[in-house]
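In what follows, every heavy atom counts, from backbone to side chain, and hydrogens, waters and symmetry copies are set aside. Residue numbers count from 1 along this sequence.
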Amino acid sequence: MSRQRKRAFFRIFQIVVCVGVVFLMLKLSLAVIGDESKSLPVDNDLRKLMIEAETDNTWRLLNVERVCKKYNLGFYRKLVDNSPFKHPPAPQYAVFYMDRVHNISYCPIYKASTTTWLYNFCLLMNVPEETLNHGKEQLSIIARKVIPELEYPEADRVLNTSKKLLVVRHPFERLLSAYRDKLENSIAGREHGTLHFYRKHGAKIVRKYRKENFTKPRPDQVIRREGVPPPAGVEPTFREFVDYMIETDLGSYGDDHWMPYYLFCTPCLVKYDIIAKVESLWRDQIYVINKLGLQDRIKPRWRHSNSYTNASKIYFSQLNRAMVQRLYEKLRLDFELFDYSPNIYYEYATID
């Protein structure tokens, strides 16, 4: 083969490789954006999906009942026995979105697909998509305007007679997502409250847990994301945030974005009909939508993601195993109620 032909062949090879890389990057970016590009299952595929999801949902509901009985909580409380967990005496009616038109009650666990489901509920209440997409108001505010908070005893009546939906996520992943979205960077996302969170929580965390001057910038505290302005440098690190989580009475002083599930949505006091998971969000959305007869009104969607490859490994490597264990103990009931494991996070942590 002549030198000229070799060069031409090499150039073609380079082009093929570049096209392959571009295709792979596009595929990965679509995976991060979400699954809205997937075609919906029909006929036999839909039936198989519904049977599989129904089986999982039944097991999830039974597991919640088992764990509530195990720890003597909620409906299953026996006055003669104590529980190791402090538990609300009644459901937090005010946190629910109770759609009386479609007979659905939804408890929003923030950082667990709430953007997706609040968007869906707004669509059900005939809010135009243009209003939802312009970004001038948070979805929770728009949703609360069209689905007003109910007061007791009406709230109790509606909650008991409606289909109840809960969407959960691995407790550590939800916690990390809350930190990254609300506390890691007080500059980015101010229109969605990051400055508020810094003033209310972040500054206090830094003052308490940072040994050096709390106004000193910390260049190691953030995974930089493209297109996002850098933080001011005074925000709490993930390790400092975890220290705060471990030592704080979350029932009294925690924020909705990291309040434990068992305190916020009280699954031992509310008999949910459907428990979906972020880890199987695409399938579970199809199941929920069809189970509730809403397939002609809304479609499965993924409205928000701050995914970052290996984010959990990178952030949890800032912790030692003792901290991971203490954090797990703080959230242990959530882990057991919804069948999650902390094991891989011990591997991410440093040994000391």
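Note that R144 lies in the cation-pi zone of Y97, set by a 6.0 Å cut-off to the ring centre and a 45° limit from the axis.
With respect to the salt-bridge test (charged N to carboxylate O, under 4.0 angstrom), the residues R174 and D334 do not qualify. Salt-bridge annotation for K182 and D255: absent, with no side-chain N of the basic residue lying under 4.0 Å from a carboxylate O of the acidic one.
I274 CD1 to E54 CD: the interatomic distance, rounded to the nearest 0.5 Å, is 8.0 Å.
I344 and V324 fall within a single hydrophobic cluster, where Ile, Leu, Val, Met, Phe, Trp and Tyr are joined by side-chain heavy atoms under 4.5 Å apart, directly or via other members. Put simply, I51 and L61 are part of two different groups of oily side chains (I, L, V, M, F, W, Y) that touch within less than 4.5 Å, one to the next. Both L292 and F96 are assigned to one and the same hydrophobic cluster, defined by single-linkage of ILVMFWY side chains at heavy-atom distances under 4.5 Å. Cluster annotation: V127 and F121 are assigned to the same hydrophobic cluster (Ile/Leu/Val/Met/Phe/Trp/Tyr, side-chain heavy-atom contacts under 4.5 Å, transitive).
Residues L159 and M98 have side chains in contact (heavy-atom distance under 4.5 Å, counting atoms from C-beta outward). Residues E247 and K208 meet the side-chain proximity criterion, which asks for heavy atoms closer than 4.5 Å. Between V270 and C107 there is no side-chain heavy-atom pair separated by less than 4.5 Å. Within the 4.5 Å cutoff, the side chain of Q325 has heavy atoms near those of the Y346 side chain. Residues L40 and P300 are in side-chain contact: their nearest non-hydrogen atoms beyond the backbone lie under 4.5 Å apart. Two residues are said to be in side-chain contact when any heavy atoms from C-beta on lie closer than 4.5 Å; N185 and T194 fail this criterion.
Looking only at atom types and distance, the side chain of N63 has a donor-acceptor partner in the side chain of R66 under 3.5 Å away. Side-chain atoms of E149 and Y93 form no donor-acceptor pair, as typed in the model, at a separation below 3.5 Å. Counted by atom type alone, Y119 and N133 present one or more donor-acceptor pairs between their side chains at under 3.5 Å. With hydrogens and angles left out, the side-chain atoms of E173 and S312 include a donor and acceptor closer than 3.5 Å. Side chains of D284 and S280: a donor-acceptor N/O pair is present below 3.5 angstrom, by distance only. Looking only at atom types and distance, the side chain of R47 has a donor-acceptor partner in the side chain of N44 under 3.5 Å away.
The closest donor-acceptor contact from the side chain of R297 to the backbone of L124 lies under 3.5 Å. Distance alone, capped at 3.5 Å, places no donor-acceptor pair between the D99 side chain and the I104 backbone. With N290 contributing its side chain and I286 its backbone, the two residues share a donor-acceptor pair below 3.5 Å.
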### Task
Decide yes or no on salt bridge (Lys or Arg N to Asp or Glu O under 4.0 Å) for E65 and K69, but give the supporting numbers first.
CA-CA 6 Å; E65 181 177 334; K69 287 180 179 178; 3.1 Å; yes
### Message
Walk me through whether E154 and R157 qualify under salt bridge (Lys or Arg N to Asp or Glu O under 4.0 Å).
### Response
CA-CA 5 Å; E154 177 67 1; R157 185 192 69 78; 2.9 Å; yes
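The local environment of CZ in R77 is sparse, with at most 12 non-hydrogen atoms from other residues, nucleotides or ligands closer than 6.0 Å. Environment of OH in Y152: sparse, with no more than 12 heavy atoms of neighbouring residues, nucleotides or ligands closer than 6.0 Å. Residue K163 qualifies as open at atom NZ: its count of foreign heavy atoms under 6.0 Å is 12 or below.
Smallest separation of non-hydrogen atoms from G74 and L269: CA-CD2, 3.6 Å. The heavy-atom pair separating C122 from L139 by the smallest distance is SG-O, 4.4 Å. For the residue pair L327 and V242, the shortest heavy atom distance occurs at CD2-CG1, 4.1 Å. The minimum heavy-atom distance linking A90 with T266 is given by the pair O-CG2, 4.4 Å.
Test M245, K111, H257 against L175 for side-chain contact (heavy atoms from CB on, under 4.5 Å) and you get one pass: M245. The only option from V158, D273, L166 that meets the side-chain contact (heavy atoms from CB on, under 4.5 Å) definition with S105 turns out to be V158.
Taking the ring centroids of F85 and Y71, they lie under the 6.0 Å cut-off. Aromatic pair F241/W258: ring centres closer than 6.0 Å.
Within the structure, every pair that satisfies the ring pair (Phe, Tyr, Trp, His ring centres under 6.0 Å) test and touches residues 156-175, not counting sequence neighbours, is listed here: H170-F172, H170-F335, H170-Y340, H170-Y345, F172-F316, F172-F335, F172-Y345.
Ring orientation note: the planes of F238 and Y315 are nearly perpendicular, at an angle over 60° on the 30°/60° scale.
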